[in-house]
Structures are given as C-alpha cells and as structure tokens.
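A short write-up of the structure that comes next.
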There are 2 protein chains.
Amino acid sequence: MNAKRMLLETALAHFAREGYEGASLQKIADDVGIKKPSIYAHFKGKDHLFLSTLKDALKAEKRRITHYFISCKDQPLETRLHGLLEFLLEEYNRSSESKFVLRMAFFPPSSLYDEVMELIYPFLDSMERRVVQLMQQAQADGAVKIARPEDAAVAYMTLTDGILVEMVYGGLPGAERRLGASWPIFWAGIRAVGQTES
Amino acid sequence: MNAKRMLLETALAHFAREGYEGASLQKIADDVGIKKPSIYAHFKGKDHLFLSTLKDALKAEKRRITHYFISCKDQPLETRLHGLLEFLLEEYNRSSESKFVLRMAFFPPSSLYDEVMELIYPFLDSMERRVVQLMQQAQADGAVKIARPEDAAVAYMTLTDGILVEMVYGGLPGAERRLGASWPIFWAGIRAVGQTES
DNA sequence: TTTTAACTACCTAACGATCGTTAGCCATAA
DNA sequence: TTATGGCTAACGATCGTTAGGTAGTTAAAA
C-alpha cells in the first residue's frame with residue numbers, strides 16, 4: 001500500500017489512542033515499517049502529519065454521514081435520527097476515525113488549538129445544520145410537530161455527544177445502554193414539547 | 001501557602017490544559033516557584049503527582065456535589081436535577097477541577113489507564129446511584145411518575161456529559177445553549193414516558 | 001537509443017532540546 | 001539528631017528535526 005496512506009492511517013490510530021503529545025513519530029514509523037526521518041519525505045513535520053490526518057479523517061467522516069443520510073432518505077424522522085446514532089456507534093467501534101475526531105474536538109493539542117478549531121467548527125456546524133434541516137423538513141411534511149427545530153437539533157447533538165463520549169471508556173455496551181435509556185425519553189420529549197406549544 | 005497544596009493545584013491546571021503527556025514537570029515547578037527536582041520531595045514521580053492530583057480532585061468534586069444535594073433537599077425533583085447541571089457548569093467555569101476530571105475520565109493517559117479507571121469508575125457509579133435514588137425517592141413521594149428510574153438516571157448522565165463536553169470548546173455560552181435547549185425536552189420526555197407506562 | 005539530469009522515497013548519523021529522574025549537598029526545624 | 005524541603009548538577013532516554021547520502025524511477029537531451 002501507498003506509504004503516505006499507511007502513514008495517515010497509522011498516525012490516526014496513534015493520535016486517537018495517545019493524543020497529539022503522547023504519540024511519537026518513532027512508534028508511528030515503526031508501525032508503518034519505515035525509519036523515523038522517512039516521515040519527512042511525506043510531511044513537513046509532526047504538526048503537518050497531524051493536521052493532514054485530521055483533515056483526512058474529517059473528510060471521510062463527512063462523506064460517510066452524507067452517505068448515511070442519503071441511504072435512509074425515505075424513512076420517518078425518528079428512524080433516521082435514531083439510526084444515525086446507531087450508525088455512529090458502529091463507526092466508532094469499527095475504526096479509530098470517530099474516536100480521533102471526538103478526542104481532538106474536545107481536547108485539541110494546545111499548541112495547535114486555532115488550526116484544529118478552524119477544521120472542526122465547520123464540521124460540527126454543518127452537522128448541526130443538517131439536523132435542523134431534517135427537523136424542519138419533517139415538520140413541513142406534517143409528519144411530526146416540533147416546537148423549535150433549532151432547539152431540537154441542539155438537544156440531539158447534546159444527546160449524540162453524551163452517548164459518544166461513553167464509547168471511550170464504557171465501550172459499545174455502555175454506549176448502547178445510554179442510547180437505549182435516552183432515546184425513548186428524548187423522542188417522547190420532542191413529541192410532548194411539540195404538543196404543548198401549538 | 002503549603003508547597004504540596006500549590007503543587008497539587010498547579011499540576012491540576014496543567015494536566016487539565018495539556019493532558020498528562022503534554023504537561024511538563026519543569027513548567028509546573030516554574031509556576032509554583034520551585035526547582036523541578038524539588039517536586040520529588042513531595043511526590044515519587046510524575047505518575048504519583050498525577051494520581052494524587054486526580055484523587056484530590058475527585059474527593060473535592062464529590063464533596064461539593066454532596067453539599068449541593070443537601071442544600072436543595074426540599075425542592076422538587078426537577079429543580080434539583082436542573083440545578084445540579086447549572087451548578088456543574090458554574091463549577092466547570094470557576095476552576096479547572098471539573099475539566100480535569102472530565103478529561104481524564106474520557107481520555108486517560110494510556111500508560112495509567114487501569115489506575116485512573118479504578119478511581120473514576122466508583123466516582124461515576126456513585127454519582128449515578130445517587131441520581132437513581134433521587135428519582136426513586138421522588139416517585140415514592142408521589143411527586144413525579146417515572147417509568148424506569150434507572151433509565152431516567154442513565155439518560156440524565158448522558159445529558160450531563162453532552163452538556164459538559166460542550167464546555168470544553170463551546171465554553172459557558174455553548175453549554176448554556178445546550179442546557180436551555182435540552183432540558184425542556186428531557187423533562188417533558190421523563191414525564192411523558194411516565195404517563196404512557198402506568 | 002543511449003545518456004544525463006532531476007526527482008522520489010527511503011536510509012544512516014547525528015543534532016539540540018527536553019523529558020522524567022537520581023545523587024548529593026545544605027539549611028531549617030522538631 | 002533526625003527529618004523535612006529545598007537546592008545544584010547531571011544522568012540516560014527520548015523527543016522532533018536536519019544533513020547528507022543512495023538506490024530506483026522518470027524524463028528530457030544528445
């Protein structure tokens with residue numbers, strides 16, 4: 001396989017597991033099967049490797065989420081939103097990509113704070129906008145009554161983060177427990193708030 | 001002030017901001033105003049300083065939460081639960097303690113994973129048990145009907161994490177936005193689920 | 001078609017800086 | 001007298017990084 005790709009994938013795993021400061025170029029090079037200075041044939045330095053990895057991961061993540069949204073286009077809102085959470089859990093379990101993104105969104109390397117946020121903000125923003133849009137569309141179709149689609153979207157993002165962070169140390173069982181306990185309450189809340197306010 | 005206390009407090013701030021691997025004993029010592037090797041008069045090494053800091057922070061956190069629960073003993077369940085979230089946001093904003101605990105719960109140093117989890121698990125467990133107990137008690141009083149108190153507690157913990165992680169990069173405004181948007185939905189959900197299942 | 005130049009992707013060796021840590025000395029206080 | 005809590009000096013290890021060289025490939029020039 002392409003050495004640059006292997007570097008990106010290996011670095012991703014290391015950054016996800018050890019964080020930016022904890023990951024070492026030596027170990028990444030060892031895993032790839034090259035010598036440490038050879039990294040500099042592909043990347044200007046650790047910063048560059050890290051930011052390239054982050055860009056790459058965000059791009060792939062965005063692509064996959066878009067793909068999911070398309071694949072369940074005809075289903076009702078609840079199925080789509082609940083399904084997205086299940087989908088994210090699967091993704092998180094399958095590869096280190098989501099874990100990496102999550103970690104860097106919450107605890108970016110302090111030396112690269114601005115650069116990281118410049119990449120993450122648009123990603124999360126577009127994610128939230130998409131959920132708002134979904135809610136508004138479902139409401140326009142008359143399928144569900146949602147009082148404030150923006151608030152509903154924010155609450156959904158909050159729920160998502162609460163479940164995803166549990167993946168980090170609770171693993172898949174813990175996250176599924178949270179999803180199973182939270183979803184009925186969340187969805188009943190969405191419906192109830194939609195009822196009370198006309 | 002006691003040098004050991006200063007070390008614990010300074011270390012806490014550094015570990016919260018830079019993570020375990022990113023924090024350096026040199027800089028911590030500089031901040032305290034002593035030389036690096038003097039740290040070893042109080043702690044066996046970086047591991048020991050870190051774990052002591054974590055124990056200290058968890059103890060203080062637990063004490064404050066207990067204190068909060070007592071202070072609002074007579075209020076209705078919703079006020080107590082909603083108030084706890086506001087209380088946590090204040091705490092998080094005021095000091096680095098909650099940030100440190102949150103960071104280490106989600107992304108512990110990989111070299112100290114077991115030791116950290118041994119400290120964090122009981123903390124989170126007791127927190128969850130307390131919330132379960134609160135829900136059951138409110139139900140016994142006939143104040144609120146809650147279908148499954150355990151699920152309600154898990155959902156509450158999920159909500160808490162979703163709001164707290166937003167504190168990290170969204171800051172207080174972002175977290176308050178999440179709280180404001182999520183709470184009405186969460187609480188309406190709790191009530192609605194309690195209604196449907198007798 | 002052959003030669004030559006440039007480029008790519010790796011290497012070894014080594015750089016200076018910083019890391020956590022230890023040894024050993026010295027003052028103050030119990 | 002012993003213990004505490006600082007200090008200086010220095011340790012070996014590891015960090016990210018650079019210099020400089022070498023095969024293998026590509027492409028233009030002879």
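The sequence lines fix the lettering, A, B, ..., with proteins before strands; numbering per chain opens at 1.
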Task: Distance in angstrom units between B/K4 NZ and D/dG6 P, rounded - done: 11 Å

- [ ] Please report, rounded to the nearest Å, how far the C1' atom of D/dT4 is from the CG atom of B/N2.
- [x] 12 Å

Look for any protein N or O under 3.5 Å of an N or O in nucleotides 19-25 of chain C and output each such pair with its distance, or none.
residue	atom	partner	partner atom	Å
C/dC19	OP1	B/S24	OG	3.2
C/dG20	OP1	B/A23	O	3.3
C/dG20	OP1	B/K46	NZ	2.9
C/dG20	OP2	B/L25	N	3.2
C/dG20	N7	B/K36	NZ	2.9
C/dT21	OP2	B/Y40	OH	2.7
C/dT21	OP2	B/K46	N	2.6
C/dT21	O5'	B/Y40	OH	3.0

Task: Donor on one side chain, acceptor on other, A/D47 and A/Y20, under 3.5 Å - done: yes

TODO: Whole angstrom is fine here: how far is it from CD1 in A/I39 over to C1' in C/dC11?
DONE: 14 Å

Task: Any donor-acceptor N or O pair under 3.5 Å, side chains A/S98, A/E91 - done: no

TODO: Check the distance between D/dA19's C1' and A/K35's NZ and give it to me in whole angstrom.
DONE: 18 Å

Task: Set of salt bridge (Lys or Arg N to Asp or Glu O under 4.0 Å) partners for A/R63, sequence neighbours left out - done: none

Open item on the list: Taking the minimum atom-to-atom distance to the side chain of A/S38, which one of D/dC7, D/dG6, C/dC10 wins?
Closed with: C/dC10

Task: CD/A/E118: more than 12 non-hydrogen atoms of other groups inside 6.0 Å - done: no

Task: Separation of C/dA9 P from A/F43 CZ (nearest whole Å) - done: 11 Å

Task: D/dT4 OP1/OP2 closer than 4.0 Å to side-chain N/O of B/H42 - done: no

TODO: Output the distance between atom OG (B/S71) and atom CZ (B/R64), rounded to the nearest 0.5 Å.
DONE: 13.5 Å

TODO: Write down the distance between CE (B/M6) and C1' (D/dG5), rounded to a whole number of angstrom.
DONE: 14 Å

Open item on the list: Are B/F50 and B/F15 an aromatic pair, judged by ring center distance below 6.0 Å?
Closed with: yes

